[in-house]
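Quick notes on the structure that follows.
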Amino acid sequence: MNETTMKLEGDRTIVIARAFDASARTLFEAVTNPELVARWWAPKSHGTIISCTADVRVGGIYRYAMRANSGQEVAFSGEYREVTPHSRLVFTSMFEGVPGEPAVVTVTLEERGGKTHMIHEEVYPSAAVRDMVIQSGMEKGMREAMDQLEVLVSQ
Amino acid sequence: MIETFAALAEPNRYRIVELLRSGPRSVNDIGERLQLNQPQVSKHLRVLKEAGLVDVEPRAQQRLYELRARPLQKLHDWLERYRRLWDERYQQLDELVRELEKAKKR
């Protein structure tokens, strides 16, 4: 079983890493083709996907929406800043409804030892925003967390 | 929780917390081991104390600083919850890419 690891770097960054038994080509397709993204992006225990669109080119927009088990609809959207097929993606990520600057996400894919290692790095505009995202974890109490975040970012 | 994160975001405070995992220590001891001067250490310890991460324990002639496990455990639990969210997502992605690989080989 490939393990998902997570670490915090500095005060604004979260790095999530995981190896997959697939080629970088296949993995790249699975993280960019919206029809495929719809099949994995919503964690089953959290909710179900509602819609998934992505125009994968520099300046193109994506939007992923899911209905959380609490009934609440949550959506992430952003713009692609860099698209290097099968190796690297840079895009912005907005948790819709949360004010402030978006996070910048860099995804890198590297084939090594018969696996593809995917590193997903999220850089948030501030330590407070990052920590609220971790805290919310898209679970119950998220509304509360978002209200707190709104207070924080408007300060 | 925000206080815990904020307190740990400063690299030297993080180093102090790491050091205190091996047991309670005095300001001087911490300063020597981390190559920080005493006022710096005291300042960082004050922030850590306000965040509830350390406690002071008077022992003989010295004041020893020790870690309080609870906020760190809470922090760990929070991180773990976020990690699990991604882990679940990636398990689903894993199933999908295996399926795609199989289809390609056919």
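Chain A is the first sequence line, chain B the second, and so forth, proteins listed ahead of strands; every chain is numbered from 1. All values below were derived from every heavy atom in this structure, side-chain atoms included, with hydrogens, water molecules and symmetry-related copies excluded.
Against chain A, no residue from residues 21-31 of chain B qualifies, as none has a non-hydrogen atom under 4.5 angstrom away. Of all residues spanning residues 92-102 of chain B, those with a heavy atom less than 4.5 Å away from chain A's heavy atoms are Gln92(B), Leu93(B), Asp94(B), Leu96(B), Val97(B), Arg98(B), Glu99(B), Leu100(B), Glu101(B), arranged by number. The stretch residues 43-52 of chain B places none of its residues near chain A, where near means some heavy atom under 4.5 Å from a heavy atom of that chain.
Ile119(A) and Phe91(A) end up in different hydrophobic clusters when Ile, Leu, Val, Met, Phe, Trp and Tyr side chains are linked at under 4.5 Å. Under the 4.5 Å side-chain heavy-atom criterion for Ile, Leu, Val, Met, Phe, Trp and Tyr, Ile50(A) and Trp40(A) are members of distinct hydrophobic clusters. Leu67(B) and Leu19(B) fall within a single hydrophobic cluster, where Ile, Leu, Val, Met, Phe, Trp and Tyr side chains are chained together by heavy-atom contacts under 4.5 Å. One hydrophobic cluster holds both Phe76(A) and Leu36(A) under the rule that ILVMFWY side chains link at heavy-atom gaps under 4.5 Å. In this structure, Ile49(A) is a member of the same hydrophobic cluster as Val31(A), with clusters built from ILVMFWY side-chain heavy atoms closer than 4.5 Å.
In this structure, the separation between CD on Gln91(B) and OG1 on Thr4(A) is 7.0 Å, given to the nearest 0.5 Å. With values rounded to the nearest 0.5 angstrom, Glu122(A) atom CD is found 3.5 Å from Tyr82(B) atom OH.
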For residues 99-114 of chain A, run the donor-acceptor check on the side chains, cut-off 3.5 Å, and write out each pair with its distance to 0.1 Å, sequence neighbours left out.
from: Glu110(A); atom 1: OE2; to: Arg112(A); atom 2: NE; distance (Å): 3.1
from: Glu111(A); atom 1: OE2; to: Ala24(A); atom 2: N; distance (Å): 2.8

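Contacts between Lys7(A) and chain B at a heavy-atom distance below 4.5 Å are absent for every atom of the residue. Of the two parts of Ser45(A), the backbone and the side chain both hold a non-hydrogen atom closer than 4.5 Å to a non-hydrogen atom of chain B. For a residue to count as touching a neighbouring chain, one of its non-hydrogen atoms must lie under 4.5 Å from one of that chain's; by this rule Leu8(A) touches chain B with the side chain only.
With hydrogens and angles disregarded, a donor-acceptor distance shorter than 3.5 Å links the side chain of Arg89(B) to the backbone of Trp41(A).
In this pair, His120(A) and Tyr90(B) present their aromatic rings perpendicular. The plane angle is above 60°, beyond the 30 to 60° band.
Contact between Arg18(A) and Asp87(B) at its shortest, heavy atoms only, is NE-OD1, 4.3 Å.
More than 12 non-hydrogen atoms from other residues, nucleotides or ligands lie less than 6.0 angstrom from CZ of Arg15(B).
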